[in-house]
> 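I have a structure here, written as structure tokens, and I will follow up with some questions on it.
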Amino acid sequence: MSAPKRYLITSALPYANGLKHVGHLAGAYIPADIYVRYLRAHQRDVVFVCGSDEHGTAIPIQAKKEGTTAQAIIDKYHQAMKEDFEKLSISFDIYHRTSAALHHQTATDFFDTLEKQGALQTKETEQFFDESAHSFLADRYIKGTCPACGSDRAFGDQCETCGRSLSPEELLNPVSTLSGQPPVKKKTTHWYLPLDQHEAFLQEWILKQHQKDWRPTVVGQCKGWIEGGLQPRAVTRDLDWGVSLPARIKGADGKVLYVWFDAPIGYISATKQWALDNGKDWKPYWQDKETKLVHFIGKDNIVFHCIIFPVMLKLHGYILPDNVPANEFLNLEGDKMSTSRNWKLDMRDYIQDFVEAPNGGPQCVDMLRYYLTQIAPETKDSEFTWKGFQEAVNSELVAVFGNFINRTWVLMHKLCQGKVPPFHATFKDGTDEELLKAIVDAPKKIESLLEEYKFREALFEIIDLSRKGNQYMQKKEPWIVAKQIEQDPSAQARIDNCLHLCLQLTANLAILVNPFLPHTAKTLLHQMKVVEKMLQWENAGRIDLLKTGYSLRAPQLLFRKIEDQEILTQLEKLKKQTMSTPDAGSALPAEKSIAPAKATIQYDDFAKLELKTGIIRAAEKVEKADKLLCLQVDLGSETRTIVSGIALHYAPESLIGQSVTVVTNLAPRKMKGIESNGMILMAETTEGKLVFIQPAQPIDPGAIVS
RNA sequence: CGCGAAGUAGAGCAGCGGUAGCUCGUUGGGCUCAUAACCCAAAGGUCGGGAGUUCGAUCCUCCCCUUCGCAACCA
């Protein structure tokens with residue numbers, strides 16, 4: 001296996017509508033950064049590109065929410081994300097943005113090329129349009145009543161209550177979340193990428209060629225999609241925020257490239273900008289077969305990077321990714337990270353609370369990088385806990401790795417005058433041989449793990465190597481041997497040998513740990529008084545990195561401990577920020593602020609509703625439905641069957657005797673085969689819990705509410 | 001509903017047909033150069049549940065359960 005001529009490494013483009021959290025960091029950025037730093041240490045030709053994804057409907061929506069312009073939003077978050085990545089030492093060669101003119105040009109041209117060669121299809125469809133907002137509506141921005149469970153929290157793509165996937169046409173009483181007005185249908189023409197025509201290629205390329213070297217979860221997902229039959233996908237949208245279509249195309253007014261089409265092209269435009277900035281040629285990176293392209297992403301992005309973008313690249317004549325090491329997700333303290341519920345740890349929060357704290361500094365960057373790599377969700381979802389963070393730092397980084405180096409340095413100063421002692425070959429024994437073998441073997445092992453994108457294991461090997469150093473030192477006990485110097489003429493030689501090897505091991509550790517913990521490597525360089533060139537990967541495994549007689553600096557602690565109080569503070573902070581989130585439980589941040597803007601209605605409209613009080617007499621779970629309860633509600637004159645989607649909030653028994661408010665003249669609707677005759681009014685707390693709207697004092701069932 | 005991935009000691013993970021391993025944590029011992037640490041040892045698992053194939057299954061097959069993801073903002 002010969003090494004590729006050059007590498008192009010990408011990390012998923014973060015969407016510029018908010019700050020990114022440590023889950024993002026662990027999923028797509030740290031692994032890529034480790035890989036890239038490793039390649040650079042190997043003197044490989046490598047470019048690491050990323051940038052902000054700044055198009056799509058969510059950006060104008062976020063702007064509306066924050067009361068500003070789309071441009072202001074992307075500027076703000078682009079800047080913030082760029083800074084955060086820098087502060088956590090993610091070493092992009094370029095952090096670009098899709099709003100850049102170069103990107104617009106690149107993406108338009110890309111579309112143009114595909115269009116000219118007839119690779120795209122056009123189709124006229126009817127889509128929902130919001131007349132007052134003058135905008136076509138994405139499925140997600142249409143809200144209505146779910147035809148399956150009757151919840152009014154259903155969106156054009158999915159019902160939030162019963163989880164069923166929907167199309168906008170199925171919604172009852174659809175309204176636009178932009179204006180609250182019912183949308184109208186309007187004809188529009190769009191370009192499509194006929195993915196179905198490329199099934200054979202994908203089958204061959206992924207399921208045959210990459211079955212073994214891609215992660216099982218990636219191949220598995222692709223298999224599902226390919227075998228399930230691919231559909232043509234719309235490439236354009238009616239929107240005024242995004243990349244324009246080529247001017248030569250008729251009917252392109254008011255249309256932009258769909259964000260999924262434009263975003264991955266961001267990798268290409270970023271490469272172009274990097275080449276411009278550095279006087280290089282970008283073309284080989286995308287066109288030469290000897291370039292190895294690797295996309296680092298999260299698992300939710302697999303379809304774009306393994307199916308759609310490769311089809312685009314192939315049509316355009318560009319190279320295909322060699323691998324797409326997608327990570328699973330990172331949970332936080334027992335729950336999914338969620339922006340809307342504010343259950344997350346933003347990169348920025350960590351930077352402020354640790355890196356920029358008085359006792360912080362770059363070592364805190366490495367601590368986070370260490371923990372996130374150690375728990376990287378490479379094969380399944382994993383979990384960030386503050387306790388885990390503390391343990392990883394205190395008992396591995398500090399106690400094993402840091403301590404080995406510290407004791408080596410202290411002893412070297414105490415017993416060897418602060419200089420690299422000579423190695424006396426005549427006193428070499430089996431223990432020395434063992435350590436030497438470990439030093440020589442480690443790089444190969446770590447290298448092959450890195451080549452397989454097994455970062456967690458590679459990092460473990462490094463810590464394990466320092467653990468071997470500790471064991472070696474324990475066996476050698478130079479502090480004991482030092483007491484025999486008077487009587488035993490060989491004592492000093494044995495001490496010398498021990499510390500000589502420990503120092504060479506330290507130099508090796510610096511090289512090996514450099515891709516993972518760059519600041520630690522730098523501190524070690526300083527302590528060893530050597531130049532950065534020593535960190536080149538080819539030096540790993542050498543046992544003559546430090547010259548005999550060379551005097552070294554005083555010991556310096558590499559990592560500080562994480563105190564109990566610090567993690568308690570973070571846990572409290574997490575709890576507090578979650579409780580204070582105004583739109584907790586909402587799947588779409590923009591939704592709550594827009595929902596109140598329902599159109600004014602006349603009294604007549606209100607009068608159409610018949611509301612009555614009722615009392616629940618019986619309740620039972622509906623079979624084969626997680627969320628539905630079948631209720632018998634006493635309305636005085638009659639008892640009605642009402643099916644309600646509240647099973648996750650209330651046990652059936654606990655509902656007997658509850659007073660409720662019922663919409664009694666709602667058209668009957670069948671759910672799971674049971675006819676529901678009415679709807680129970682509920683309000684939702686900020687935690688997403690549903691509570692009944694009840695009369696303030698007991699009242700006979702059947703009383704009219706007005 | 002369907003598709004994909006995952007379910008192995010308190011936690012995090014390896015193993016994937018032949019006496020169940022690693023790291024952290026816990027307990028005990030040793031040691032003291034080191035950020036009260038390091039070294040050694042022990043305890044701790046009916047490998048999600050059930051059935052089948054096999055001389056033999058954590059590993060293969062089938063069924064079930066749980067968790068996560070699944071194409072239009074999400075790592």
Side-chain angles (χ1 to χ4, degrees), chain A residues 11-12 14-18 20-31 53 55-59 61-62 138-140 157 164-165 195 215-225 227-228 230-231 233-234 237 258-261 263 296-304 307-308 326-331 336-340 374-375 377-383 385 387-388 391-392 394-396 398-400 402-415 456-457 460 463-464 467 470-471 473-475 477-480 482 499 555 557-561 588-590 624:
Chain A
S11 280
Y15 199 59
N17 69 336
K20 300 297 137 184
H21 53 66
V22 294
H24 298 102
L25 194 59
Y29 304 101
I30 289 182
D53 174 9
H55 296 135
T57 10
I59 299 280
I61 302 266
Q62 180 74 11
D139 294 351
R140 190 74 200 176
D157 55 347
R164 181 188 155 125
S165 56
L195 292 172
R215 292 186 177 167
T217 163
V218 175
V219 176
Q221 271 204 47
C222 292
K223 197 174 168 208
W225 279 308
E227 290 177 354
L230 296 165
Q231 302 296 317
R233 252 182 101 98
R237 290 206 66 189
Y258 219 132
V259 63
W260 66 259
F261 185 88
F296 285 85
I297 57 169
K299 66 173 158 182
D300 53 338
N301 234 332
I302 290 174
V303 67
F304 294 104
I307 303 220
I308 299 172
N327 271 327
E328 306 287 304
F329 281 175
L330 188 66
N331 295 328
K336 282 198 276 188
M337 291 227 207
S338 157
T339 303
S340 53
Q374 198 236 41
I375 60 166
E378 287 172 7
T379 51
K380 60 183 173 192
D381 288 358
S382 64
E383 184 160 332
T385 62
K387 186 93 187 109
E391 276 175 4
N394 290 0
S395 62
E396 289 170 31
V398 173
V400 178
N403 186 54
F404 168 70
I405 286 159
N406 187 242
R407 67 202 296 213
T408 297
W409 241 253
V410 169
L411 285 170
M412 180 262 299
H413 274 90
K414 268 190 197 167
L415 308 176
R456 197 174 51 197
E457 212 176 324
F460 173 84
I463 297 300
D464 203 50
R467 186 174 285 119
N470 277 320
Q471 284 162 353
M473 194 177 269
Q474 193 67 22
K475 271 191 197 159
E477 298 179 312
W479 53 92
I480 304 279
L499 287 167
L557 295 180
L558 290 172
F559 306 102
R560 70 173 180 83
K561 290 201 151 206
L588 187 74
K624 300 213 172 188

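So you know, we letter chains A, B, ... as the sequences are listed, proteins then strands, and number each from 1. The figures here come from the full heavy-atom set of this structure, side chains too, leaving out hydrogens, waters and symmetry mates.
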> Between B/rA71, B/rG69, B/rC33, which nucleotide gets closest to the side-chain atoms of A/R407?
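Selected nucleotide (nearest to the side chain): B/rC33.
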> Any base atoms under 4.0 Å from A/V398, or only sugar-phosphate, or nothing? Heavy atoms, all strands.
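The residue A/V398 makes base contact.
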> Which part of the nucleic acid does A/K223 contact within heavy-atom distance under 4.0 Å: base, sugar-phosphate only, or nothing?
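It contacts nothing in the nucleic acid.
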> In this structure, how many angstroms lie between the P atom of B/rC68 and the CG atom of A/D300, rounded?
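From A/D300 CG to B/rC68 P: 15 Å.
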> Name the nucleic acid region contacted by A/L558, choosing base, sugar-phosphate or nothing; use a 4.0 angstrom heavy-atom cut-off, strictly under.
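Base contact - A/L558 has a heavy atom under 4.0 Å of at least one base atom.
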> Measure CZ/A/R467 against P/B/rC38 and give the value in whole Å, please.
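It works out to 9 Å between those atoms.
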> Determine the contact category for A/E383: base if any of its heavy atoms lies under 4.0 Å from a base atom, sugar-phosphate if only primed atoms, P, OP1 or OP2 are that close, otherwise nothing.
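Result for A/E383 = nothing.
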> Atom NZ of A/K380 to atom P of B/rA6: distance rounded to whole Å?
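Between P of B/rA6 and NZ of A/K380: 9 Å.
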> Contact class for A/A392 vs. all strands (heavy atom < 4.0 Å): base, sugar-phosphate, or nothing?
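Touches nothing.
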> Can you check the distance between B/rU23 and B/rC63, where both ends of the measurement are the P atom (answer in whole Å)?
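The answer is 38 Å between these two P atoms.
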> What nucleotide, of B/rA14, B/rG25, B/rU35, holds the atom closest to the side chain of A/R456?
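When the side chain of A/R456 is considered, B/rA14 is the closest of B/rA14, B/rG25, B/rU35.
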> May I have the distance from A/N301 (atom CG) to B/rG69 (atom P), rounded to whole angstrom?
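Rounded to whole Å, this separation is 15 Å.
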> I'd like to know if the side chain of A/E328 pairs up with that of A/T217 as donor and acceptor (distance under 3.5 Å, no hydrogens or angles considered).
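Yes, because at least one side-chain N or O of A/E328 sits under 3.5 Å from a partner of the opposite role on A/T217.
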> Could you tell me if the side chain of A/H21 sits less than 4.5 Å from the side chain of A/L330, heavy atoms only?
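SC-SC contact between A/L330 and A/H21 ruled out.
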> Under 4.0 Å: is that the gap between some side-chain N or O of A/K20 and OP1 or OP2 of B/rC74?
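Result: no.
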> With rounding to the nearest 0.5 angstrom, report the NZ to OH distance, A/K20 to A/Y15.
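If we round to the nearest 0.5 Å, A/K20:NZ and A/Y15:OH are 9.5 Å apart.
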> Nearest to the side chain of A/K299 - B/rA71, B/rC68, B/rA37?
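Nearest to the side-chain atoms of A/K299, counting from C-beta on, is B/rC68.
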> Just call it for A/K336: base, sugar-phosphate, or nothing, with non-hydrogen atoms closer than 4.0 Å on any strand.
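Sugar-phosphate only.
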> Have a look at A/V400 and say if it touches a base, only the backbone sugar-phosphate, or nothing, with a 4.0 Å heavy-atom cut-off.
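Sugar-phosphate contact only.
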> Is there a donor on the side chain of A/N403 or the base of B/rA34 sitting less than 3.5 Å from an acceptor on the other?
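In this structure, the two groups form a donor-acceptor pair.
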> Look at the side chain of A/L230 and decide which nucleotide, out of B/rC74, B/rA71, B/rC31, has an atom nearest to it.
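The listed nucleotide nearest to A/L230's side chain is B/rA71.
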> Tell me which nucleotide among B/rC73, B/rA71, B/rC39 gets nearest to the side chain of A/Q474.
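Of B/rC73, B/rA71, B/rC39, B/rC39 is nearest to the side chain of A/Q474.
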> Have a look at A/T385 and say if it touches a base, only the backbone sugar-phosphate, or nothing, with a 4.0 Å heavy-atom cut-off.
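The answer is nothing, as A/T385 stays clear of every strand by at least 4.0 Å.
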> For a 4.5 angstrom cut-off between non-hydrogen side-chain atoms, does A/E391 reach A/E396?
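Sidechains of A/E396 and A/E391: no contact.
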> Is A/Q471 close enough to B/rC40 that one of its side-chain N or O atoms is under 4.0 Å from OP1 or OP2 there?
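Answer yes for this pair, as a side-chain N or O of A/Q471 is under 4.0 Å from OP1 or OP2.
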> Pick the nucleotide of RNA chain B nearest each of A/V303 and A/C222; which residue has the one closer to the 5' end?
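Between the two, 5'-proximity favours A/C222.
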> Would you measure the distance from the C1' atom in B/rC64 across to the matching atom in B/rG7 and give it in whole Å?
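The answer is 14 Å between these two C1' atoms.
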> Using a 4.0 Å heavy-atom cut-off, does A/R215 contact any base of the nucleic acid, only the sugar-phosphate backbone, or nothing at all?
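It contacts nothing in the nucleic acid.
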> Below 4.5 Å, heavy atoms only, C-beta onward: do A/P478 and A/L415 meet side chain to side chain?
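Side chain of A/P478 against side chain of A/L415, heavy atoms only: contact under 4.5 Å found.
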> Would you mind telling me which of B/rC73, B/rA5, B/rA14 lies closest to the side-chain atoms of A/T379?
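Closest nucleotide to the A/T379 side chain: B/rA14.
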> Contact class for A/G56 vs. all strands (heavy atom < 4.0 Å): base, sugar-phosphate, or nothing?
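No contact.
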> Tell me every residue that passes ring-ring contact (aromatic ring centres under 6.0 Å, His included) with A/Y29, counting only those two or more places apart in sequence or in another chain.
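A/F85.
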> Does the side chain of A/M473 reach to within under 4.5 Å of the side chain of A/N470, using non-hydrogen atoms?
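Answer no - side chains too far apart.
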> Between B/rU53 and B/rU61, how many Å separate the two P atoms, rounded to a whole number?
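Straight-line distance between the two P atoms is 15 Å.
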> Across the strands shown, which category fits A/Y258 at heavy-atom distances under 4.0 angstrom: base, sugar-phosphate, nothing?
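Base, at least one base atom sits under 4.0 Å.
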> Without decimals, in angstroms, what is the distance between A/Y15 OH and B/rA71 P?
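Checked: the OH to P distance equals 16 Å.
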> Determine whether A/R407 and A/W479 make a side-chain contact, defined as any pair of heavy atoms from C-beta on separated by less than 4.5 Å.
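In contact.
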> Measure from the side chain of A/N470, starting at C-beta and using heavy atoms only, and say which of B/rA5, B/rC33, B/rC38 lies closest.
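Per side-chain heavy atoms of A/N470, the pick is B/rC38.
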> Work out how far the P atom of B/rG15 is from that of B/rC60, and round it to whole angstrom.
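Straight-line distance between the two P atoms is 12 Å.
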> Just to be sure I understand the rule, does A/R237 reach a base, reach only the sugar-phosphate, or reach nothing, if contact means heavy atoms closer than 4.0 Å?
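Nothing: the residue A/R237, judged by heavy atoms under 4.0 Å, touches no strand.
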> Using the side-chain heavy atoms of A/E391, tell me which of these nucleotides is nearest: B/rA71, B/rG4, B/rG25.
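Of all the options, the side chain of A/E391 is nearest to B/rG25.
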> When you get a sec, tell me which of B/rA34, B/rU35, B/rC24 is the closest nucleotide to the side chain of A/V410?
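From the listed options, B/rA34 comes nearest.
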> Pairs counted only when both distances fall under 3.5 Å, Watson-Crick or G-U: show me the 5' to 3' dot-bracket for RNA chain B, [ ] for pseudoknotted crossings and | for other-strand partners.
.(((((((.[[[[.)..(..]]]].(((((.......))))).....[[[[[..)....]]]]])))))).....
> When the C1' atoms of B/rA11 and B/rG25 are considered, how many whole Å apart are they?
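Roughly 7 Å separates the two C1' atoms.
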> Is A/K414 touching bases, backbone alone, or none of the nucleic acid, heavy atoms closer than 4.0 Å?
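Result for A/K414 = sugar-phosphate.
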> Please name all residues satisfying side chain to side chain contact (heavy atoms under 4.5 Å, CB included) with A/N331, sequence neighbours left out, ordered by chain then number.
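Listed in chain order: A/K336, A/D381, A/E383.
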> Can you measure A/E457 atom CD to B/rG15 atom C1' for me and round it to whole angstrom units?
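For the pair A/E457 CD and B/rG15 C1', the rounded distance is 11 Å.
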> Could you check how far CD1 of A/I405 sits from C1' of B/rA37, rounded to whole Å?
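It works out to 15 Å between those atoms.
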> Between A/I375 and A/I480, who's closer to the 5' end of RNA chain B by nearest nucleotide?
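The residue mapped nearer the 5' terminus is A/I375.
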> Do A/T57 and A/R237 meet the criterion of a side-chain donor-acceptor pair at a distance under 3.5 Å?
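Note: A/T57 and A/R237 side chains meet the donor-acceptor criterion.
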> Mind checking if A/F559 touches a base, just sugar-phosphate, or nothing, with heavy atoms under 4.0 Å?
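Base contact - A/F559 has a heavy atom under 4.0 Å of at least one base atom.
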> Indicate the atoms forming the closest heavy-atom contact of A/L558 with A/G402, along with that distance.
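Minimum heavy-atom contact is CD1-CA, 4.2 Å.
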> Tell me: CZ of A/F329 to P of B/rA6, nearest whole Å?
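Answer to the nearest Å: 16 Å.
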